[in-house]
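Residues: numbered from 1 along the sequence shown. Bear in mind the structure is a predicted one, so any value in this text is a computation, not a measurement.
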Amino acid sequence: MIAQGTASVADFEEHRPRMFAIAYRMLGSASEAEDTVQEAYLRWSSADRGSIEHLGAWLAKVVTRLCLNQLDSARARREAYAGPWLPEPVLTGQGALGPLESAEQRDSVSMALLVLLERLTPTERAVYVLREAFAYGHREIAGLLDLTEANCRQLYRRAAGRVSAGKAPERRFRPDPAQWQGLVAGFLEAARSGDLARLEELLAADARYVSDGGGLVSAARRPVQGRNNVARFLLGVLRKHPVDLAVSFAEVNGEPAVVIGGMGVLQLDFEDGLVGEARVVMNPEKLEFVRRQLSHSGGLSGPSW
């Protein structure tokens with residue numbers, strides 16, 4: 001047990017990265033995750049620290065409960081959101097969301113999974129995140145959420161089933177980083193060329209384009225589906241808003257991505273060398289966290305097209 005008055009700010013800061021990682025996976029928002037961790041700090045600073053036996057467990061419970069309180073109102077806001085909703089991107093190459101060494105760890109912060117988690121109830125999401133991303137046991141989760149262990153197991157099975165049902169089939173082709181950059185370079189060159197046939201050759205027949213502008217910048221208000229539709233949409237956007245596509249490569253949410261100046265973050269999924277899905281976050285409010293990360297790291301290096 002931590003003696004009264006002996007816990008310091010350093011003790012809290014030791015746990016801050018893990019608390020941010022939990023809150024981000026729960027909320028899909030870096031800014032809201034930061035606010036949640038700060039609220040947890042305020043509660044810790046005014047708590048009877050002598051009664052806190054395990055600081056990490058105490059903080060995990062506080063952060064999880066704060067996230068649960070936010071998720072109901074967050075769902076209402078997202079239902080009224082202008083156009084498709086995507087999570088706030090986070091640069092993960094330097095460990096901002098914890099270790100991402102395995103495919104399972106990377107999947108736990110992927111944009112695709114975080115979108116799927118929106119389908120769960122708040123409590124289902126909490127159980128799923130704590131179990132899948134942080135390997136908490138059902139007994140531990142029950143203590144954090146004030147539930148029975150049996151209830152936690154039931155919630156986990158239900159959540160896992162809903163997530164599994166919503167997942168796309170496993171991609172057969174996962175390019176390594178060098179291959180991915182080469183494929184992206186070809187795709188961006190084709191888009192800039194204005195050649196519809198050339199661009200279509202690089203898109204899968206069932207290609208899908210999802211853009212999140214939040215009603216603050218010009219973006220498709222619903223996903224664009226199909227090779228021809230996606231190609232025409234992209235060329236139409238570039239004709240109306242010609243830009244010099246100065247881009248850099250980075251790891252975003254555990255996957256390779258393109259950071260397009262200060263305008264957006266683009267992820268491309270490839271299947272047999274063709275673009276199967278493109279996701280781009282352009283909402284300037286959602287890019288603020290990435291901008292701060294870049295300013296602290298001195299920016300990214302990479303090719304420009």
Taking all non-hydrogen atoms of both residues, which atom of [X] and which atom of [Y] are closest, and how far apart?
X      : Y      : answer
Leu116 : Val163 : CD1-O, 3.7 Å
Val115 : Pro87  : CG2-CD, 3.9 Å
Asn283 : Gly214 : ND2-CA, 3.7 Å
Ala220 : Pro84  : O-CD, 3.4 Å
Thr92  : Asn253 : OG1-N, 3.5 Å
Ser218 : Met282 : O-CE, 3.5 Å

Checklist line | side chain to side chain contact (heavy atoms under 4.5 Å, CB included) between Val129 and Tyr24, intermediate numbers included | finding: CA-CA 10 Å; Val129 164; Tyr24 177 77; over 6 Å; no

Could you give the distance from [atom1] ([X]) to [atom2] ([Y]), rounded to the nearest 0.5 Å?
X      : Y      : atom1 : atom2 : value
Gln181 : Leu188 : CD    : CG    : 11.5 Å
Ser29  : Asp35  : OG    : CG    : 8.0 Å
Ile141 : Tyr136 : CD1   : OH    : 9.0 Å
Leu71  : Arg78  : CG    : CZ    : 7.0 Å
Leu114 : Glu88  : CG    : CD    : 11.0 Å
Trp44  : Trp58  : CH2   : CH2   : 9.0 Å

Would the distance check show the side chain of [X] and the main-chain N or O of [Y] forming a donor-acceptor pair, the cut-off being under 3.5 Å?
X      : Y      : value
Glu79  : Ala76  : no
Glu288 : Glu285 : no
Arg125 : Met26  : yes
Ser164 : Gly161 : no
Asp212 : Trp85  : no
Arg131 : Arg153 : no
Arg227 : Ala207 : no

Check: In terms of hydrophobic clusters joined by side-chain contacts under 4.5 Å, are Leu266 and Leu216 together?
Finding: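 No.
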
Answer yes or no: is there a side-chain heavy-atom contact under 4.5 Å between [X] and [Y]?
X      : Y      : answer
Leu183 : Pro175 : yes
Leu113 : Tyr128 : yes
Leu97  : Arg18  : no
Thr36  : Gln70  : yes
Arg162 : Glu124 : yes
Ser73  : Arg77  : yes
Val280 : Gln267 : no
Asp269 : Arg279 : yes

Does the pair [X]/[Y] count as a salt bridge with the N-to-O cut at 4.0 Å?
X      : Y      : answer
Arg139 : Glu149 : yes
Glu132 : Arg25  : no
Asp146 : Lys61  : yes
Glu277 : Arg208 : yes
Asp11  : Arg49  : no
Arg43  : Glu39  : yes
Arg192 : Glu189 : no
Glu101 : Arg106 : no
Arg16  : Glu34  : no

Next item on the list: Test side-chain hydrogen bond (donor to acceptor under 3.5 Å, both in side chains) on Asp206 and Gln225 and set out the steps.
Entry: CA-CA 7 Å; Asp206 59 350; Gln225 191 81 35; 5.7 Å; no

Checklist line | Candidates Ile260, Val184, Val259 - the one meeting side chain to side chain contact (heavy atoms under 4.5 Å, CB included) with Val247 | finding: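 Of the listed options, the one satisfying the test is Ile260.
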
Notebook entry, point to check: So which of Asn69, Asp72, Thr64 actually passes side chain to side chain contact (heavy atoms under 4.5 Å, CB included) with Pro122?
Noted result: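 Result for side chain to side chain contact (heavy atoms under 4.5 Å, CB included) with Pro122: Asp72.
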
Margin query: How about CD on Glu13, more than 12 heavy atoms from neighbouring residues, nucleotides or ligands closer than 6.0 Å, or not?
Written below: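 Yes, CD of Glu13 has more than 12 neighbouring heavy atoms, counting only those of other groups under 6.0 Å.
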
Notebook entry, point to check: Side-chain donor-acceptor pair under 3.5 Å between Thr123 and Thr121, yes or no?
Noted result: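 Their side chains do not contain a donor-acceptor pair, so the 3.5 Å distance test is not met.
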
Check: Does the side chain of Ser110 pick up a donor-acceptor pair with the side chain of Glu255 at under 3.5 Å?
Finding: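 Short answer, no.
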
Next item on the list: Determine the interplanar angle of the Phe12 and Tyr41 rings, folded into 0 to 90°, and report it as parallel if under 30°, tilted if 30 to 60°, perpendicular if over 60°.
Entry: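 The arrangement is perpendicular - the two ring planes meet at more than 60°.
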
Next item on the list: Look at the rings of Phe233 and Tyr209 and say which category their plane angle falls in: under 30° parallel, 30 to 60° tilted, over 60° perpendicular.
Entry: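 Ring orientation of Phe233 relative to Tyr209: tilted.
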
Checklist line | Full working for side chain to side chain contact (heavy atoms under 4.5 Å, CB included) between Asp176 and Gln179 | finding: CA-CA 5 Å; Asp176 62 35; Gln179 288 176 313; 3.3 Å; yes

Next item on the list: Take Phe187 and Leu199 through the test side chain to side chain contact (heavy atoms under 4.5 Å, CB included) and record every step on the way to the result.
Entry: CA-CA 7 Å; Phe187 179 79; Leu199 187 57; 3.7 Å; yes

Next item on the list: Go through Tyr156 and Asn151 one step at a time and tell me if the side-chain hydrogen bond (donor to acceptor under 3.5 Å, both in side chains) criterion holds.
Entry: CA-CA 9 Å; Tyr156 173 74; Asn151 194 8; over 6 Å; no

Next item on the list: Evaluate the side chain to side chain contact (heavy atoms under 4.5 Å, CB included) criterion for residues Leu130 and Leu144: first the C-alpha distance (whole Å), next the side-chain angles of each, then the deciding distance (0.1 Å), finally the verdict.
Entry: CA-CA 10 Å; Leu130 292 170; Leu144 293 177; 4.0 Å; yes

Note to self: Using the ring-ring contact (aromatic ring centres under 6.0 Å, His included) criterion, which residues pair with His15? Sequence neighbours excluded.
What the structure shows: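 Applying ring-ring contact (aromatic ring centres under 6.0 Å, His included) to His15 gives none.
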
